[in-house]
Amino acid sequence: MKNKKNHIWMALSVIAAFILLTIFGAGDDFKGIRDMRFGIDIRGGVEAVFEPAGTAKVPSEKQLEAARNVIESRLDAENITDREVTVDKSEGHIIVRFPWKSDEKEFNPEAAISELGETAKLTFRDPKGNILVEGENVADSSVTRNRDTGEYEVALQFDRTGAEAFAKATQELVGKQMGIYMDELMISNPKVNQVITGGQAVINGMENYDAAKALSDKINSGALPFSMKTSNYNTISPTLGSQALKTMVTASVTAIILVIIFMVSIYRLPGIISCLTLIFQMCLQILALSIPQYTLTLPGIAGLILSVGMAVDANIIISERIGEELKEGTSIRAAVKKGYQHAFSSVLDGNLTTAAVAVILMIFGSGTMLSFGYTLLTGVIINLLAGVWMSRFMLESVIRYNKFDNIKLFRRKKERRVIQFAAKRKWIFLFTACVLIAGAAVTGINGVKLDTQFTGGVVLKYTYSGDADADKISEGINAALGRPVSVQTSQDTATGDKKLVLTLAGNKGISPEEQKQVTDEINRNGTTKYELSETFAVEPYIGAKALKNSVIAIVLSSLFIIAYIWVRFKSLSGLSAGVSAVIALMHDAALVFFVFGVFKIPVNDAFVAVTLTIIGYSINDTIVLYDRIRENLCKSNRGKNESLCGLVDRSITETLGRSVKTACTTAMCVAVVLIFSVIYHIESIRIFSLPLLVGIISGCYSSVCVAGPLWVTWKEFRSRRKK
């Protein structure tokens with residue numbers, strides 16, 4: 001007994017240690033919250049323009065896209081998930097924007113660009129210097145370990161063209177050396193021992209892992225169709241404004257305080273324990289981002305919000321279960337034990353489906369999707385392994401003290417009258433259809449505007465001296481031209497020249513009249529004089545490959561959810577339950593899309609982030625309901641005569657308190673962020689938090705009013721067909 005009593009003090013010591021580690025870090029290997037790497041939107045960064053070297057010919061569109069993909073792969077490898085990589089096809093330039101390192105003090109863009117690695121062309125040559133295989137035909141390079149010798153090797157994977165050329169080259173060079181060059185510099189000279197076919201090869205003889213990794217990285221970075229050089233580079237300002245980080249921190253602290261007040265006032269002692277667990281989980285989540293230096297940007301913040309929501313959700317499920325046991329007259333210790341046991345299946349299923357979605361996003365994603373997927377995955381793992389275990393560890397310890405073994409410190413759940421959600425589903429479906437039709441109609445009237453990230457656009461650069469009001473300029477141009485516009489300021493560190501960078505969305509270009517209209521508009525107010533210095537068109541920042549992968553990831557996530565529910569909820573005829581859940585998710589995604597249309601918000605990567613967040617949030621809600629239906633169905637089969645409609649209504653009523661409370665806590669966090677963004681006029685956060693808030697409310701509604709009643713409709717339809 002004594003040892004279990006002391007568990008609470010051990011847990012509090014661990015939490016205190018992690019709070020200190022999160023704030024102060026522990027040297028270069030364990031960076032704390034003060035050393036996090038923030039995105040361009042929060043801290044600003046570097047703009048670099050790369051152009052082909054050693055050729056006067058403009059590269060083809062295919063070559064530019066290949067070079068763009070290589071640069072994006074390098075950025076992913078460095079955990080730089082917030083970036084903008086686009087192409088100026090007319091000039092053959094690749095424009096890269098990425099954030100500063102966390103420890104950057106001098107803000108030297110030239111030093112920052114070195115983080116992208118070498119931009120030379122990779123070639124494989126014979127001893128006479130003849131080129132045998134081009135670097136652009138290397139599909140991938142990675143470090144492996146030989147099972148027999150234990151030595152590290154570099155594994156190469158060639159595309160079809162490269163595989164044929166490499167097989168022919170190795171046939172001619174058996175017993176000879178094959179040089180690997182970056183431009184004219186030899187980086188490796190391995191010996192060809194045999195003819196290699198199939199497009200796969202290994203380079204052995206590496207001294208250690210670091211040497212193998214360095215060579216692998218150089219090969220990956222050199223898989224360019226041409227050498228590149230940096231023609232110019234500038235520092236760029238945060239897209240959210242200099243007050244964004246301070247505002248977000250203040251909003252986050254306010255939201256956490258409100259969640260703590262809510263949890264303690266509703267659940268009392270279990271609420272206090274859940275808040276301590278939440279603090280512990282947040283520390284682990286921050287360290288999971290700061291230690292590997294994953295870039296924290298808006299989509300990452302979305303993942304953090306969802307992780308906090310799921311952490312609170314797990315503890316609400318547990319607290320509700322404990323309250324149900326106390327309602328049956330169970331002792332406090334037994335109620336706590338049974339509460340955790342009965343809640344675990346709901347928490348496990350909800351977290352596993354969300355984790356699978358996160359893994360799919362990381363496999364297919366790049367940049368924004370990769371950032372969101374990583375943040376969500378670490379949050380789910382921390383919630384499942386650390387959060388649930390830590391709260392049980394502390395609560396079972398603290399109730400060993402007589403003063404805390406008191407029913408007044410717990411919330412005993414009250415009996416509720418069953419609400420007829422499934423029985424009255426015709427009215428619910430009618431209301432849902434009216435909302436969707438109204439949203440579609442208004443969106444159709446307003447039209448859907450795509451941001452530069454999806455459409456590409458025109459970049460206008462102005463030189464100026466003095467101060468620039470980016471928000472005011474953005475509002476004026478948007479009103480004048482009716483086109484989404486992003487505004488940034490940059491500075492050439494070599495000359496000290498200030499530049500105003502305007503990116504107008506749309507692939508229709510810009511006429512001389514519109515260009516003059518923009519110039520007149522930005523010079524209309526204030527004493528600052530702006531002079532046009534440069535104009536060029538750019539491709540979409542989110543490339544066709546990234547957009548395609550986003551769609552694939554969402555489709556695969558939906559298919560996995562159907563398959564998982566099909567297997568885990570066989571007693572509910574899993575296929576029908578899975579399809580009903582995905583239809584509910586489509587309802588939520590549609591509402592989020594309509595928010596962008598109704599409020600005339602340009603569709604950008606924030607839409608992708610919000611949609612993915614709501615999918616993860618809503619499916620977790622639905623899984624909890626299905627888990628209760630399955631549990632009640634088993635009890636019903638043991639002798640209680642109840643219609644399917646009545647059983648579903650009873651299950652929804654029993655989980656309604658948990659669904660509403662979880663939605664309230666998560667919506668509270670987002671609402672605070674929205675309020676702060678309105679007060680401080682941070683438009684990018686406002687257009688992100690508004691649809692997210694609507695999506696969270698929609699996720700709760702669809703889980704309660706759509707998924708369950710829709711499943712009943714399916715089952716009753718099948719039953720009638722059989723008869």
Side-chain angles (χ1 to χ4, degrees), residues 313 316-317 320-325 327-328 338-339 341-350 353 413-432 561-562 564-585 587 618-663 699-723:
D313 175 45
I316 286 177
I317 294 173
E320 289 283 324
R321 285 290 195 170
I322 292 172
E324 289 175 9
E325 294 298 327
K327 183 186 70 176
E328 301 297 327
K338 289 183 179 180
Q341 289 174 347
H342 292 159
F344 185 72
S345 62
S346 295
V347 175
L348 177 66
D349 285 326
T353 49
K413 197 167 183 179
K414 297 177 182 178
E415 195 70 44
R416 290 182 177 274
R417 182 176 62 85
V418 175
I419 304 173
Q420 295 183 324
F421 288 101
K424 305 290 186 182
R425 61 186 180 275
K426 289 182 180 179
W427 297 106
I428 290 174
F429 292 161
L430 180 62
F431 170 76
T432 304
I561 289 168
I562 292 174
Y564 184 86
I565 294 176
W566 194 349
V567 173
R568 281 287 288 164
F569 294 90
K570 286 183 178 179
S571 59
L572 273 64
S573 302
L575 177 60
S576 58
V579 173
S580 298
V582 170
I583 292 174
L585 294 181
H587 161 272
S618 184
I619 191 60
N620 191 47
D621 235 7
T622 305
I623 288 289
V624 172
L625 172 60
Y626 283 170
D627 185 72
R628 184 58 66 97
I629 294 174
R630 178 176 57 186
E631 182 182 325
N632 286 337
L633 193 61
C634 292
K635 292 177 182 177
S636 178
N637 289 337
R638 289 199 294 266
K640 189 172 181 179
N641 189 19
E642 188 176 26
S643 68
L644 183 64
C645 196
L647 181 140
V648 170
D649 278 336
R650 182 161 61 88
S651 301
I652 293 174
T653 303
E654 289 173 355
T655 57
L656 184 62
R658 169 258 158 213
S659 298
V660 172
K661 292 184 183 75
T662 301
C700 178
Y701 171 83
S702 68
S703 297
V704 172
C705 300
V706 177
L710 195 61
W711 177 73
V712 172
T713 304
W714 181 313
K715 292 287 290 180
E716 289 184 349
F717 174 75
R718 292 294 299 272
S719 179
R720 285 196 300 271
R721 285 195 63 182
K722 284 183 180 179
K723 288 179 181 179

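Since we're looking at a predicted model, the values are computed, not measured.
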Is the shortest side-chain heavy-atom distance between [X] and [Y] below 4.5 Å?
X: L575; Y: I562; value: yes
X: F569; Y: I623; value: yes
X: I619; Y: I565; value: yes

To the nearest 0.5 angstrom, please state how far the [atom1] atom of [X] sits from the [atom2] atom of [Y].
X: D649; Y: L656; atom1: CG; atom2: CG; value: 11.0 Å
X: E716; Y: S643; atom1: CD; atom2: OG; value: 8.0 Å
X: T353; Y: I561; atom1: OG1; atom2: CD1; value: 6.5 Å

Given T713, which of R425, R718, K426 fulfils the side-chain hydrogen bond (donor to acceptor under 3.5 Å, both in side chains) condition?
-> R425
Which heavy atom of [X] sits nearest a heavy atom of [Y], and at what distance?
X: R321; Y: G339; value: CB-O, 3.6 Å
X: I428; Y: C705; value: CG2-O, 3.3 Å
X: Y626; Y: S580; value: OH-CB, 3.6 Å
X: S703; Y: S618; value: OG-O, 3.3 Å

State whether the side chain of W714 and the backbone N or O of V579 hold a donor-acceptor pair below 3.5 Å, judged by distance alone.
-> no
Is atom [atom1] of [X] surrounded by more than 12 heavy atoms (other residues, nucleotides or ligands) closer than 6.0 Å?
X: K715; atom1: NZ; result: yes
X: K424; atom1: NZ; result: no
X: W566; atom1: CH2; result: no

Carefully, step by step, assess C700 and T662 under the rule side-chain contact (heavy atoms from CB on, under 4.5 Å).
-> CA-CA 9 Å; C700 178; T662 301; over 6 Å; no
Kindly determine whether E320 and K413 satisfy side-chain contact (heavy atoms from CB on, under 4.5 Å), including the steps that lead there.
-> CA-CA 7 Å; E320 289 283 324; K413 197 167 183 179; 3.2 Å; yes
Applying side-chain contact (heavy atoms from CB on, under 4.5 Å), name anything that partners S651, two or more places apart in sequence or on another chain.
-> L625, R628, I629, N632, L647
Partner residues of H587 under the side-chain contact (heavy atoms from CB on, under 4.5 Å) criterion, sequence neighbours left out |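 For H587 the side-chain contact (heavy atoms from CB on, under 4.5 Å) partners, ignoring immediate neighbours, are T432, L436, L591, S698, Y701, S702.
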Side-chain donor-acceptor contact under 3.5 Å, E324 with H342 =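 No pair is found: no donor N or O on one side chain lies under 3.5 Å from an acceptor on the other.
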Could you pull out all residues at least two apart from R630 that satisfy salt bridge (charged side-chain N to carboxylate O under 4.0 Å, His left out)?
-> D349, D627
Take L710 and F429, measure what side-chain contact (heavy atoms from CB on, under 4.5 Å) needs, and give me the verdict at the end.
-> CA-CA 9 Å; L710 195 61; F429 292 161; 4.2 Å; yes
Working for salt bridge (charged side-chain N to carboxylate O under 4.0 Å, His left out), residues R650 and E654 | CA-CA 6 Å; R650 182 161 61 88; E654 289 173 355; 3.5 Å; yes
Assess whether side-chain contact (heavy atoms from CB on, under 4.5 Å) is satisfied between F421 and V712, documenting all intermediate values.
-> CA-CA 11 Å; F421 288 101; V712 172; over 6 Å; no
